[in-house]
Amino acid sequence: QERLVESGGGLVQSGGSLSLSCKSSRIILSTFSGSTMAWYRQSPGIQRELVAQMASSGSTSYLDSVKGRFTISRDNARRTQYLQMNELKPEDTAVYYCNIMTPQGMAYWGQGTQVTVSG
């Protein structure tokens with residue numbers, strides 16, 4: 001079972017920036033390139049929400065509250081996806097999870113990384 005490995009996250013002051021990365025070690029390159037990448041987040045008492053998504057074509061979509069501040073990207077050769085988060089706000093505090101949905105319909109998740117924004 002593939003488990004994506006996340007890194008980044010931590011504590012930052014309001015207005016600061018953080019970068020998350022998520023690496024796949026077992027998904028073969030052709031499958032990775034054809035997959036949809038995504039980042040979700042979950043705060044206590046709140047349902048997990050989709051923050052950003054990138055299709056294999058490169059098209060992206062974002063949660064309204066992060067548009068213009070967050071950027072999702074991918075490096076297929078490294079089998080890694082990223083989430084650059086700028087102008088962070090206290091309401092961005094959450095555990096962030098990366099996700100891959102393959103063309104075959106398989107979903108894989110990262111272990112989650114805590115992002116805390118102090119106000």
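- A continuous path of Ile, Leu, Val, Met, Phe, Trp and Tyr side chains, each step under 4.5 Å between heavy atoms, connects L83 with L18, placing both in one hydrophobic cluster.
- With Q111 contributing its side chain and E6 its backbone, the two residues share a donor-acceptor pair below 3.5 Å.
- Among residues two or more places apart in sequence or in another chain, the salt bridge (Lys or Arg N to Asp or Glu O under 4.0 Å) test is passed with R78 by D75.
- S35 places a side-chain N or O within 3.5 Å of a backbone atom of T31 that can act as its donor or acceptor partner.
- Residue F70 is grouped with residue W39 when hydrophobic side chains (ILVMFWY) are merged at heavy-atom distances under 4.5 angstrom, including chains of intermediate members.
- In this structure the side chain of I100 reaches within 4.5 angstrom of the side chain of F32, judged on heavy atoms.
- The cluster map of Ile, Leu, Val, Met, Phe, Trp and Tyr, joined by side-chain heavy atoms under 4.5 Å apart, puts L20 and V95 in different clusters.
- Proximity of a side-chain donor or acceptor of T113 to a complementary backbone N or O of G8 within less than 3.5 Å is detected.
- Residue pairs meeting the disulfide (SG to SG under 2.5 Å) criterion with at least one member in residues 31-119, sequence neighbours excluded: C22-C98.
- A salt bridge (charged side-chain N to carboxylate O under 4.0 Å, His left out) check over residues 39-62, counting only residues at least two apart or in different chains, returns the pairs R41-E49, R41-D92.
- Listed here is the closest heavy atom pair of R69 and L88: NH1-CA, 3.8 Å.
- With hydrogens and angles ignored, the 3.5 Å screen pairs a side-chain donor or acceptor of Q81 with a backbone N or O of N99.
- Taking CZ from R79 and CG from L4, the interatomic distance works out to 11.5 Å, rounded to the nearest 0.5 Å.
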What's the verdict on side chain to side chain contact (heavy atoms under 4.5 Å, CB included) for Y62 and M54, showing C-alpha distance, side-chain angles and the deciding distance?
-> CA-CA 9 Å; Y62 295 91; M54 174 177 271; over 6 Å; no
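- Less than 6.0 angstrom separates the ring centroid of Y40 from the ring centroid of W109.
- Inter-residue side-chain proximity for S14 and S118 is flagged as unmet; no heavy-atom pair is nearer than 4.5 Å.
- The cluster map of Ile, Leu, Val, Met, Phe, Trp and Tyr, joined by side-chain heavy atoms under 4.5 Å apart, puts L50 and Y97 in the same cluster.
- Between I72 and Y82, every side-chain heavy-atom pair lies at or beyond the 4.5 Å cut-off.
- Between the side chain of S43 and the backbone N or O of T93 there is at least one donor-acceptor pair closer than 3.5 Å.
- Y96 contributes no side-chain N or O that, together with a main-chain N or O of V51, makes up a donor-acceptor pair within less than 3.5 Å.
- When all heavy atoms of A94 and Q114 are compared, the closest pair comes out as O-NE2, 3.4 Å.
- The number of heavy-atom neighbours closer than 6.0 Å to CD of Q104, taken from other residues, nucleotides and ligands shown, is above 12.
- Hydrophobic clustering (side-chain heavy atoms under 4.5 Å, transitive across Ile, Leu, Val, Met, Phe, Trp, Tyr) groups M106 together with M37.
- The closest donor-acceptor contact from the side chain of R74 to the backbone of A55 lies under 3.5 Å.
- For the residue pair S21 / S7, a side-chain donor-acceptor distance below 3.5 Å is found, with atom types taken as modelled.
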